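Working notes for the structure below.
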Amino acid sequence: MPDIHLPTHEAAFLNLPKAAEYLGISPNTLYVWRHRRQGPPSFRMGQRVMYRISALNEWVAEQEKADSRSNPSLNPLNQKPQRRVRRGSK
């Protein structure tokens with residue numbers, strides 16, 4: 001994660017631009033993910049879209065587990081080869 005200045009214990013939440021900076025992505029990408037209901041969970045606090053820092057960290061950890069490059073159990077090269085099913089000829 002980028003080294004951004006976070007205030008003391010009350011900084012449990014980040015607004016959209018700060019959350020994007022925290023994740024190292026553009027605010028527009030985070031906005032689009034929110035619009036498409038992808039990406040980390042967010043909520044409205046008054047007029048502002050907010051992200052819980054703990055939820056951002058959990059979401060990043062989930063992304064790492066879901067990626068075969070980070071999770072050896074998902075690597076297709078670690079799977080047994082499948083037998084090709086022969087289809088009927090025309």
Side-chain angles (χ1 to χ4, degrees):
M1 302 286 155
D3 185 29
I4 63 171
H5 175 68
L6 297 177
T8 57
H9 68 281
E10 71 269 3
F13 311 105
L14 296 174
N15 63 19
L16 191 140
K18 290 288 186 188
E21 182 180 350
Y22 185 75
L23 293 173
I25 61 175
S26 76
N28 188 57
T29 297
L30 195 53
Y31 176 82
V32 169
W33 286 352
R34 177 175 158 74
H35 179 72
R36 293 179 179 170
R37 300 191 188 280
Q38 300 171 324
S42 61
F43 62 96
R44 284 204 170 270
M45 187 182 289
Q47 295 294 318
R48 302 178 95 181
V49 174
M50 302 297 285
Y51 294 83
R52 186 179 295 273
I53 294 172
S54 61
L56 293 174
N57 293 333
E58 289 171 21
W59 182 80
V60 168
E62 289 172 14
Q63 301 312 299
E64 290 174 335
K65 289 177 190 172
D67 189 327
S68 65
R69 291 166 289 199
S70 300
N71 186 345
S73 67
L74 297 176
N75 186 339
L77 298 176
N78 291 340
Q79 307 298 318
K80 269 181 129 176
Q82 295 181 353
R83 264 193 105 98
R84 181 174 249 166
V85 177
R86 190 172 216 168
R87 294 184 178 183
S89 59
K90 290 185 177 182

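Predicted model only: the values in this text are computed from it and were never measured.
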- Query: Quick one: are Y31 and S26 in side-chain contact, heavy atoms under 4.5 Å?
  - Reply: no
Atom pair [atom1]/[atom2] of [X] and [Y] - distance to nearest 0.5 Å:
| X | Y | atom1 | atom2 | value |
| --- | --- | --- | --- | --- |
| E21 | N15 | CD | CG | 9.5 Å |
| K18 | M50 | NZ | CE | 11.5 Å |
| I25 | L30 | CD1 | CG | 4.5 Å |
| H35 | N28 | NE2 | CG | 11.5 Å |
| W59 | W33 | CH2 | CH2 | 4.0 Å |

Might you point out which heavy atoms bring [X] and [Y] nearest each other, and give the distance in Å?
| X | Y | value |
| --- | --- | --- |
| A19 | L56 | CB-CD1, 4.0 Å |
| Y51 | P40 | CE2-O, 3.8 Å |
| A55 | P41 | CB-CG, 3.8 Å |

- Report the relative orientation of the aromatic rings in F13 and F43; use parallel for angles under 30°, tilted for 30 to 60°, perpendicular for over 60°. perpendicular
- Message: Does atom CZ (R44) have a neighbourhood of more than 12 heavy atoms from anything else shown, all under 6.0 Å?
- Response: yes
